[in-house]
Each structure stands twice: as C-alpha cells, then as structure tokens.
A.B. asks: 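Handing you a structure now.
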Amino acid sequence: MDKGRLLDIFRHMMLIRRFEEAVYDFHEQKLFGGHYHLYIGQEATGAAVMASLRGEDRIFSTHRNHGHLIARGVDPKNALAEILNRADGTNGGRGGTFHLADASAGMPHTSALVGGSVPLAAGAGFAAKLQKSGGIGVSMFGDGCFEEGVVFETLNLARMWALPVIFVCENNTPGAVLKSAGGNNTSNLPEGRVIQIPEALGMECHEVDGGDAEAVDSLFADCATRVRETGQPIFIEALTERWPGNYFSFPSRVTGITQVSMAWDGSSIAGEYEDWFRNHDPVLRFARQLLDRGVANSGDVAGIDVEVTETIEAAKEFALSSPVPGTDSVYAHVLAGEG
Amino acid sequence: MAVMTHAEALVEAIRECMDEDPNVALVWGSLMGVGGNNEHVDHIKADFADRIFHPPISEAAIAAVATGAAMDGVRTIFPMGTASFMFRAWDQIIHEAGAAHYMSNGAVSIPVVFHVVHGLRGGGSVQHSQSPQSMLWNAPGIEIAMPSCPADAKGLMRTAIKSNNPTVFIDHQKLNKRSSEVPDGSYDIPFGVADIKREGGDVTIVAASLQVVHALEAAETLSTGGIEVEIVDLRSLVPLDEEAILASVGKTGRLLVVDEAPPRCSVASEVIATVAEKGMDLLKTPPVRVNRLPVHVPANVVLEDYVGPNTDRIIEAAKLLCH
Ligand SMILES: Cc1ncc(C[n+]2csc(CCOP(=O)(O)OP(=O)(O)O)c2C)c(N)n1
Ligand SMILES: [Mg+2]
C-alpha cells in the first residue's frame, strides 16, 4: 500500500469536489450561462485513472470534463477561468464548460457531442503506436455514448488495428431517473450492460465500482501497464452511483456543501440524502477508507480539505479577475499557419 | 386569437396533425422543451402513447428509421434538439431522405419532419450553435422551413407534417420562449410564400427565423432616423418565394440580407445571387449581407454576440446602404 499515492488521489478528489461546488456557485450567480455538467459523484474514477498516467499519454473527455482536467493536474485557476469564458482560461475563453482542454497536459481537445471524443482517443493510440512514443490513449466517456454508432466503430477499429487505448466508460446510469420519465439522459440499452458490446469484439474488459477510488486505481494501474506492454486496447466499465444533484437537466446542489467531517462523525448525517452520505458519496467513502486503514487520521483529512479549499478560493479570485477576451480575437486560429 | 409561445404553437400543430392522421408518429425526446401543464402535451402523451417513441442518443439511426417508415406512409416528426446534433445524421438526411424520391424515379416519397433548433443561444460555444440552413439548402430534395413567430410556426409545422417531402424545420434557441398571438383553429401556411412583416420604401431586409425579430427591432430605430424598412420574412427557403423578394427590391431598390450562417455560400449569398440574376436592374446600389462572422462561435457571450448578426449590425448596414 502506497500511502502517498492514496493521499494524492484523495487530494485530487477533494479538489474536484471543491472546484465543482465553486462552479455551481458561479452558475447560480449567473457568471456564466447555459447548460453545464458537474463531475460530483464521479471523482473517484477520474482521480484514480489519472494517477497511473504519464506525460506522453493523451486523455480525451466529454461534456462532463471538469474533474478529468483537475485530476490530470491542470491548474484550477485556468480551468475556472475557462468556465467563466475568460482570457486566461485553458481554451482562452472560447471553449467554456463543455470543452475544457489543455494540450500541454495531454488533453488536446474535448468534444461535447455524445461519443465525439471516443475515436479521438483511439487516434492518440494510433499516433503513439506509429511514433513509438510509449504513450497510450485514454477515453473517458459516459454510458450514453454506446447509443452512438461511432463508438462501436471505434471499439472495433481499436481491436482490428491493435491500438494502445483504454476506454473508460463511466456508467452513471444506475439509480438515475429515466429521461422518458422526465429525468436526465441515461443510457437506454434494453437489456444487459454496455460491457457486453466490447466483450463481443473480443476486447479485454473489466468492471469496477467507480465510486471506490482504491479499486479503480489498482485495476487501472494494472491495465495501463498491460496496454503499454501489449499495445492492445482494454475496456473498463466504472459503475457509479449517480449524484442525486444530477437527476435533472441542470445540476442542483441538493446535498449541500460537502462536510468532510461526515466521514468520521456519522451523527451529523440525516435527512433525505442519508444513503448518499453514508454509502455512495465517493469523497466520504474514500476518506473513511483512509481512516480505517490508518493511512490518515481525521486531522489529516480535514487538513487536505483546508488546503484544497484555499486553492479553490485563490482560483475563484483569479478567474473572476481574468479579462474577457478582446473581440478582435475571434478571428484568430480559424486556420493554422505554415507547418 | 390566443397568446402562446413559439414552442407551444408547434406542439399544438403536432397535436392537431396527430388527431387528424393516424399515420403521424412522434419521436419524443423533450417535445420542444414544452413540459408541465400543457394540455396538448398531456393529450399527446395520453392518446398517442402507441405513436410516441423515446429516442436513444442515435440521431443517424433514428433519421433513417423515420425515412424508412416514411416509405410506407408513416409521417414521423423527429425533434433532434440542438441543430448541431443533426450532423450525426447528415448522411441519412441528405442521401436517404433527400434522395429516395429522385432515385425511385418518383415512386417513393419521404414525408418526414426533422425539427432542429439552430443558432447562437448564449453560451452554446462551438458545438451547440450551428446554423445548418445553407448547408442543407445545398442538397436537393429537402424542404426547409424557418419560422420567425408562433403563428407562422404553427401553420408551417402543419404543412411540414402533411408534406410528402422530407422537411427540415429549423427553429431558433431564442425564439422558443417568445410569445405572440396565434389564430384560433387549424390553418396551414404553405411553403414558398414569404410574408411582409413590415412595409417600407427605402430598403428591403430579407431574413428568416430570429433574424426577422432583429430586423423588426432595427426597423424601429431606423424609422426614427427617417429610413423606412420593408421586411421580407422568407418563412421557407425551399421552396423560395423569389417573387416576393424581387417585388420588394423593385419597390425599394436596396437589398440587405441577414442570416446566421457564416457568409460564404449562405442564405444571404443565395438570395443576393437570385436578385443579381433576375433583378439586377432593380438595384440602385450593391446589396449587402449581414451574417455570422466566418469563424466558430466562441463560448464567451460577449464574443458570441460580436460574431453574430444582431440588431446593431443590421442598423449600421442599413444606414450605409441608404446613404
Ligand atoms: C450528438 C449529440 N446528441 C445529443 C447530445 C445532448 N446530450 C448531452 S449529454 C447527453 C447524455 C450523455 O450521457 P452520457 O454519455 O451517459 O454522459 P453523462 O452525462 O451521463 O455523464 C446528451 C444526450 C449531444 N451532446 N451530442
Ligand atoms: Mg451517463
């Protein structure tokens, strides 16, 4: 057991949680408009996956991308500035919440079209293979992507061409309200599970509790090592309990601001979302695991929270004071210059 | 006359057509975003459960399934949501729906309606702000409707559903919640008949969809400065009411076309080309187009507003044209 590694994963999870809480506030304050998606409830998967990735790896995310960038180590200042569409944002303010990306962090482009990023990640595997970079492509995507044909095409291609790619499907459907019942989008496979599709293509497939950071970490670390060795694609289905705030089309912070003390002080847990706090919230689950295993004590956990909360406060200030890009900038980069 | 929103008017048209014709089917994601307390939504849900299909995120397959069903006379309405998503189904719309009638030498017709919501929505960024009208107009075999107000939306939707051609019905994010008076009862508005939304003698503004709203706002301001604008609301691009455009240009001698697609090969280019071919002698001065700038749509709303055609840019262009 590598204590430092586990604490690092926890720190990233906590950082994502505080980041997303700040994004929610910004949206409530109408500091940015339109639709947006939060990663609350899925922190364990993103943070644990990134723990095994290297500089030469490429990661492609979706409309629900904030947590992936933070876990990858992108500075929350620039990520938050992008969500406010400011000049210091990761995309210079032109991408916004749907499209946070940072080429310098190995996340070159984020598609908000369902399934859009999955083949791009396979493309990164293709490039790594061609250039013998030693890197791998990683696709972080939602279960809904299986409804789009291009995802099947990509899985088939990755197998046929033996591309070093890990497909991480974050299945947040269990427990969700079906769209047909007025809830948010969920996958609609009439029977069975999405994992059966890559299985049918003969791909190595695994499922894991996406809310269990340590489980995701040990599985993913093992898969990453193998993909680097064999060059063959692997599929992982991370099953995640959907955050109750994600049931409807706009996020709603029904579970309030996370009280990390709930990890050691159960007496403060009550009410409608008791089950979420006791059994599902991945941040609290992992904090309890760290305490139980003696990796950290409650003071350490609270200390990490204080530290990341300060980081996010500074990021908020930075983002709010970052300028709006000049209107003339809209003409830049439609086409690239000479190669 | 009842006052209702654009979206409610569409839902009313869909309800009427489903009542009238048992061959009308509906793919129901979120019906034009109209929820709760709507008698038409309730009626459709309760009475046509067997004709409603809930979609997976599969634009391409659904577009082609609707097209295949149309070959046997099922008239499917497929609201695809944000127009950007229809690119997934481009092949099915252009090559199958748009081509089957021609390829069958007229034996097969494709009565299907693809409903999309286009344009700058306020923070939609690059992948949720598309205006596909001019790209679609470049493909033969597809009718294109682009209403600007609830009353037109209702009559045009009825025509789209009854049409034996595939229709792409293009609405705008910013029109959905706008409301105004809609005539009582059922009525169809034929395609290919433009509507003069305002009369004036100094300059013709040709527009469709939200840009008609912008043009009407601009016309108010211009009028106080002594410029009287005539607004030709195209309502449908295919078929195009060339006569109405030429008649208005004949009256004013000046032409400004507003369109949310970028300028090259846009609706504005096509309208101006038509006038150049058929009414060059009517023009007192070179025509002008006001389009989205030829760039992607940035997420920042200040920049989004800057790249889009808006009331200020229309006013500015009309003034230049008239002086
Ligand atoms: C091609 C396309 N169609 C529809 C949408 C609208 N849309 C945005 S998110 C979403 C659901 C995606 O579900 P999933 O992939 O499971 O991701 P989750 O939001 O659950 O994380 C849909 C349908 C889209 N962005 N792109
Ligand atoms: Mg999902």
A.B. asks: Are more than 12 heavy atoms, taken from residues, nucleotides or ligands other than B/Arg51, located less than 6.0 Å from that residue's CZ atom?
C.D. replies: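 Yes, enclosed.
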
A.B. asks: Using side-chain contact (heavy atoms from CB on, under 4.5 Å), reason through B/His128 and A/His35 one step at a time and then give a plain yes or no.
C.D. replies: CA-CA 10 Å; B/His128 287 72; A/His35 217 250; over 6 Å; no

A.B. asks: Shortest non-hydrogen contact from B/Val295 to A/Val334?
C.D. replies: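 Between these two residues, the closest heavy atoms are CG1-CG2, 3.7 Å.
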
A.B. asks: Do other residues, nucleotides or ligands put more than 12 heavy atoms under 6.0 Å from the NE2 atom of B/His43?
C.D. replies: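 For B/His43, atom NE2 is crowded (more than 12 foreign heavy atoms under 6.0 Å).
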
A.B. asks: In terms of heavy-atom proximity below 4.5 Å to chain B, should A/Thr97 be classed as side chain, backbone, both, or neither?
C.D. replies: neither

A.B. asks: Find the distance between CG (B/Asp305) and OG1 (A/Thr327) and round it off to the nearest 0.5 Å.
C.D. replies: 10.5 Å

A.B. asks: Report yes or no: does B/Gln127 contribute a side-chain atom to a donor-acceptor pair with the main-chain N or O of A/Ala112 at less than 3.5 Å?
C.D. replies: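 Side chain of B/Gln127 to backbone of A/Ala112: a pair is present.
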
A.B. asks: Using a cut-off of under 4.5 Å for heavy-atom pairs, which of A/Ala332, A/Gly149, A/Gly93 has the most such pairs with chain B?
C.D. replies: A/Gly93

A.B. asks: Between A/Gly144 and B/Ile57, what is the shortest heavy-atom contact and its length?
C.D. replies: O-CD1, 3.7 Å

A.B. asks: When you measure from the side chain of B/Ser125 to the backbone N and O of A/Gly95, does any donor-acceptor pair fall under 3.5 Å?
C.D. replies: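 The answer is yes, because a donor-acceptor pair under 3.5 Å joins these two groups.
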
A.B. asks: Might you confirm whether atom CD of A/Glu199 has over 12 heavy atoms from other residues, nucleotides or ligands at distances under 6.0 Å?
C.D. replies: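 Above 12, so yes.
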
A.B. asks: For A/Pro325 and B/Leu303, which heavy atoms make the closest approach, and how far apart are they?
C.D. replies: O-CD1, 3.2 Å

A.B. asks: Of the listed residues (A/His99, A/His333, A/Arg86), which shares the most heavy-atom pairs with chain B below a 4.5 Å separation?
C.D. replies: A/His99

A.B. asks: With a 4.5 Å heavy-atom cut-off, do B/Arg88 and A/Leu113 have their side chains touching?
C.D. replies: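 They are in side-chain contact.
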
A.B. asks: Atom CG of residue position A/Asp25 - does it have more than 12 heavy atoms of other residues, nucleotides or ligands inside 6.0 Å?
C.D. replies: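 Atom CG in A/Asp25 is packed in, count exceeds 12.
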
A.B. asks: Checking side-chain contact (heavy atoms from CB on, under 4.5 Å) for the pair B/Val301/A/Asn85: CA distance, chi angles, key distance, verdict?
C.D. replies: CA-CA 8 Å; B/Val301 286; A/Asn85 314 139; 5.6 Å; no

A.B. asks: With rounding to the nearest 0.5 Å, note down the distance linking CD in A/Glu147 to CD in B/Glu59.
C.D. replies: 9.5 Å

A.B. asks: For a 4.5 angstrom cut-off between non-hydrogen side-chain atoms, does B/Leu293 reach A/Tyr331?
C.D. replies: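 Side chain of B/Leu293 against side chain of A/Tyr331, heavy atoms only: contact under 4.5 Å found.
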
